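Note: hydrogens, waters and symmetry copies are ignored here, and every other heavy atom, side chains too, is used. All values derive from a computational prediction rather than experimental measurement.
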Amino acid sequence: MTAFTVALVLVVAAAGLLRWRRPAWYWMTFGVTLAALRVLVRYASVMDACGLTVPPSRWRLALARVTNRPVPESRPPRILRFRPTRTGLVLRLGLRPGQDAFDVAAASDRLRHSFSMYGVTSREVRSGVVEVRMTGYDVLKRVQMPAKVDTRPMRVPVALREDGSVHYRDYRAVPHALTLGATESGKSVYQRNLVAGLAPMDVALVGIDCKQGVELFPLARRFSALADNPDTAAELLDALVSRMEGIYQLIRAEQRITAAVPDAEIAADIWDLPDHLRPVPVVVLVDEVAELALYASKDQEKRRDRIITALVRLAQLGRAAGIYLEICGQRFGSELGKGITMLRAQLTGRTAHRVNDETSANMAFGDISPDAVLAAIQIPAELRGLAIAGDSTGGWHRIRAPHTSLRQAVNTCNRHADRTPDLPELAPFRPELTSPSEAPVPLSKTAPVTA
């Protein structure tokens, strides 16, 4: 008996230590079993207390009266599937007649307390079926991406959502995106994860970094073109517009819309073209968009209008040509001048890290979801990397990217430098690599960087 007591004390102590220091390990060893038992045992009573049950049907009441049996109890939603995960539990519920997916969403916070889980979210899978995801611990406190992710062409896993699922940046589904964040909010780390995820793919990376290239030029081996000042950026964007027009001519030449051509072979964008004719897709990363929109003289104003016009054209027409925009900035408001709100309207994906004012959050989510605006301005300063991600459908999630140092991102880009395509239209903007012993040369249209 003494040995059993000692062993029990050691197990309890180990569980408590794991829960404090390694919540993910605790969940996989002890937490998932305890949580599963707690949910299954309490399920009926919790659903009744949360108002997620329906009274028995008339025929069941009539049958009880005829057979002289007790009155049937109210029925909760049916559990169609129960699946433990590495971060929590997933329940797929079949709703009873008269229930709605909004009822489950409205009771999420009560379910979280009743089942003693860290978080509960729900989504409608199809009519009458709702998926409830429960997290057993704070998965965003120490982000650990799963070993296996669903990778596809132009689909990059960049962060972890608060429900434990992976947040992807899918350029085929959401061509253009806006990323906002104040200084030291984690925006640069998010951008590094994006570049590191794109590096192994067959894609051309184009960067515009008007902070003298301090953010993107260390990753230059994987970039087909880079610009570090507004003048070079204007010429680079004009070259991208010319490339876009050339790709459209290629698509027109390959459409072959005749009665004999199958529907699947009619080309409307680069992804409909044969592999040997398909141009390489291009992702354009703008590190600080405000630097492209500010001006102090008439000549700079003309340059600014030229840049914004090119960005708007690429945002409106670039998707079919395989040109995707990733616009980043600390501030993105109408005070940046004409054309800015038109550009924002084309940026479907929105990600907001900690911002310094509500106006910036409104520029990201004001036309999407007021709840997302409220969540964005409540991000604490000590949680770098925490962000709100949404799109034009109105849905949004809390996400956090895993910490990726600049050295890790540089190593990834160097490892896949052989995948960097040479684009003739962008050849003048290809960064030149110099040895560390050489004296630094001012960055210009062809920007030398240190290897």
### Query
Could you walk me through whether Asp163 and Ser165 pass the side chain to side chain donor-acceptor pair (under 3.5 Å) check?
CA-CA 6 Å; Asp163 62 0; Ser165 60; 2.7 Å; yes
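- Between Ile399 and Ala389 the shortest heavy-atom distance is CD1-CB, 3.8 Å.
- At least one side-chain heavy atom of Arg303 sits less than 4.5 Å from a side-chain heavy atom of Asp231.
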### Task
Could you check Leu95 against Asp100 for side-chain contact (heavy atoms from CB on, under 4.5 Å), going step by step and ending with a plain yes or no?
CA-CA 7 Å; Leu95 300 181; Asp100 186 75; 5.6 Å; no
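- For Arg75, the side-chain hydrogen bond (donor to acceptor under 3.5 Å, both in side chains) criterion is met by no residue, not counting sequence neighbours.
- Under the 4.5 Å side-chain criterion, counting only non-hydrogen atoms from C-beta, Val139 is in contact with Tyr137.
- The backbone N or O of Ala199 lies less than 3.5 Å from a partner atom in the side chain of Arg222, making a donor-acceptor pair.
- For Arg152, the salt bridge (Lys or Arg N to Asp or Glu O under 4.0 Å) partners two or more places apart in sequence, or in a different chain, are Asp150.
- Under the 4.5 Å side-chain criterion, counting only non-hydrogen atoms from C-beta, Val32 is in contact with Leu89.
- Listed here is the closest heavy atom pair of Cys210 and Leu292: SG-CD2, 3.4 Å.
- In this structure, the side-chain contact (heavy atoms from CB on, under 4.5 Å) partners of Pro402, at least two apart in sequence or on a different chain, are Val143, Met145, Asn193.
- Side-chain atoms of Met154 and Pro281, non-hydrogen and from C-beta on, do get closer than 4.5 Å to each other.
- If you check the side chains of Thr359 and Asn362, you find no donor sitting under 3.5 Å from an acceptor.
- At most 12 non-hydrogen atoms from other residues, nucleotides or ligands lie less than 6.0 angstrom from CZ of Phe102.
- Here the side chains of Met47 and Leu93 are in contact, with some heavy-atom distance below 4.5 Å.
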#### Entry: Working for side-chain contact (heavy atoms from CB on, under 4.5 Å), residues Val54 and Gln99
CA-CA 8 Å; Val54 296; Gln99 291 183 323; 3.6 Å; yes
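- Judged by distance alone, with hydrogens and angles left aside, the side-chain atoms of Ser224 form a donor-acceptor pair with the main-chain N or O of Pro421 at under 3.5 Å.
- Surrounding CD of Glu245 are more than 12 heavy atoms belonging to other residues, nucleotides or ligands, all under 6.0 Å away.
- Distance check, rounded to the nearest 0.5 Å: CD of Glu162 to CD1 of Ile388 gives 7.5 Å.
- Rounding to the nearest 0.5 angstrom, the gap separating the CG atom in Leu198 from the NE2 atom in His416 is 11.5 Å.
- Salt bridge absent: Arg126 and Glu131 never bring a charged side-chain N and a carboxylate O closer than 4.0 Å.
- Closest approach of Ala320 to Tyr248, counting heavy atoms only: CB-OH, 3.5 Å.
- For the pair Cys50/Leu111, a side-chain contact is recorded, criterion being any heavy-atom separation below 4.5 Å from C-beta on.
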#### Entry: Steps toward side-chain contact (heavy atoms from CB on, under 4.5 Å) verdict (Leu52, Asp103)
CA-CA 7 Å; Leu52 296 178; Asp103 298 333; 4.0 Å; yes
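- Between Val282 and Val284, the closest side-chain pair of non-hydrogen atoms falls below 4.5 Å.
- Looking at every heavy atom in both residues, Met134 comes nearest to Met117 through CB-CE, 3.6 Å.
- At least one donor-acceptor pair closer than 3.5 Å links the side chain of Thr420 to the backbone N or O of Arg221.
- In this structure, Arg304 forms no cation-pi arrangement with Tyr295, as its terminal cationic atom is not both closer than 6.0 Å to the ring centre and no more than 45° off the ring axis.
- Listed for the Arg161 side chain is no donor-acceptor partner under 3.5 Å among the backbone atoms of Arg398.
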### Message
Before you tell me yes or no, could you show the steps for Arg172 and Arg155 under side-chain contact (heavy atoms from CB on, under 4.5 Å), namely the whole-Å CA-CA distance, both residues' side-chain angles and the distance that decides it to 0.1 Å?
### Response
CA-CA 8 Å; Arg172 298 285 299 275; Arg155 190 169 187 253; over 6 Å; no
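- Taking the ring centre of Tyr171 as origin, the terminal cationic atom of Arg169 falls inside the region bounded by 6.0 Å and 45° from the ring axis.
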Only distances under 3.5 Å count here; give the side-chain donor-acceptor pairs of residues 374-385 to other protein atoms, sequence neighbours excluded, each with its distance to 0.1 Å.
from, atom 1, to, atom 2, distance (Å)
Arg384, NH1, Glu184, OE1, 3.0
Arg384, NH2, Glu184, OE1, 3.1

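- Between the CD atom in Gln316 and the CE atom in Met244 there is a gap of 9.5 Å [rounded to 0.5 Å].
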For residues 173-183, dump all side-chain donor-acceptor pairs below 3.5 Å to protein atoms at least two apart in sequence or in another chain.
from, atom 1, to, atom 2, distance (Å)
His176, ND1, Leu325, N, 3.0
His176, NE2, Ala315, O, 3.1
Thr183, OG1, Gln330, OE1, 3.4

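- Here the side chains of Arg306 and Thr309 are not in contact, with every heavy-atom distance at 4.5 Å or above.
- The OH atom of Tyr190 sits 12.5 Å away from the OG1 atom of Thr404 when rounded to the nearest 0.5 Å.
- Taking each heavy atom of Pro146 and Arg86 in turn, the nearest pair found is CD-NH2, 3.1 Å.
- Under the rule for a salt bridge (Lys or Arg N to Asp or Glu O under 4.0 Å), the partners of Asp287 that lie at least two apart in sequence or sit in another chain are Lys211.
- Within the 3.5 Å criterion, the main-chain N or O of Leu140 finds a donor-acceptor partner in the side chain of Arg400.
- Look at Asp275 and Arg278 and you find a salt bridge, because one of the NZ, NE, NH1 or NH2 atoms lies within 4.0 Å of a carboxylate O, short of that distance.
- Put simply, OH on Tyr43 and CZ on Phe82 are 11.0 Å apart, with the number rounded to the nearest 0.5 Å.
- One finds the CG atom of Asn414 at 7.5 Å from the CZ atom of Arg407 (value rounded to the nearest 0.5 Å).
- Scanning both residues, Val280 and Ala204, for their nearest heavy atoms gives CG2-N, 3.8 Å.
- Applying the side chain to side chain contact (heavy atoms under 4.5 Å, CB included) test between Arg313 and each of Val241, Asp238, Leu237 identifies Val241 as the sole match.
- Under the 3.5 Å distance criterion, with hydrogens and angles disregarded, no donor-acceptor pair is assigned to the side chains of Arg415 and Asn411.
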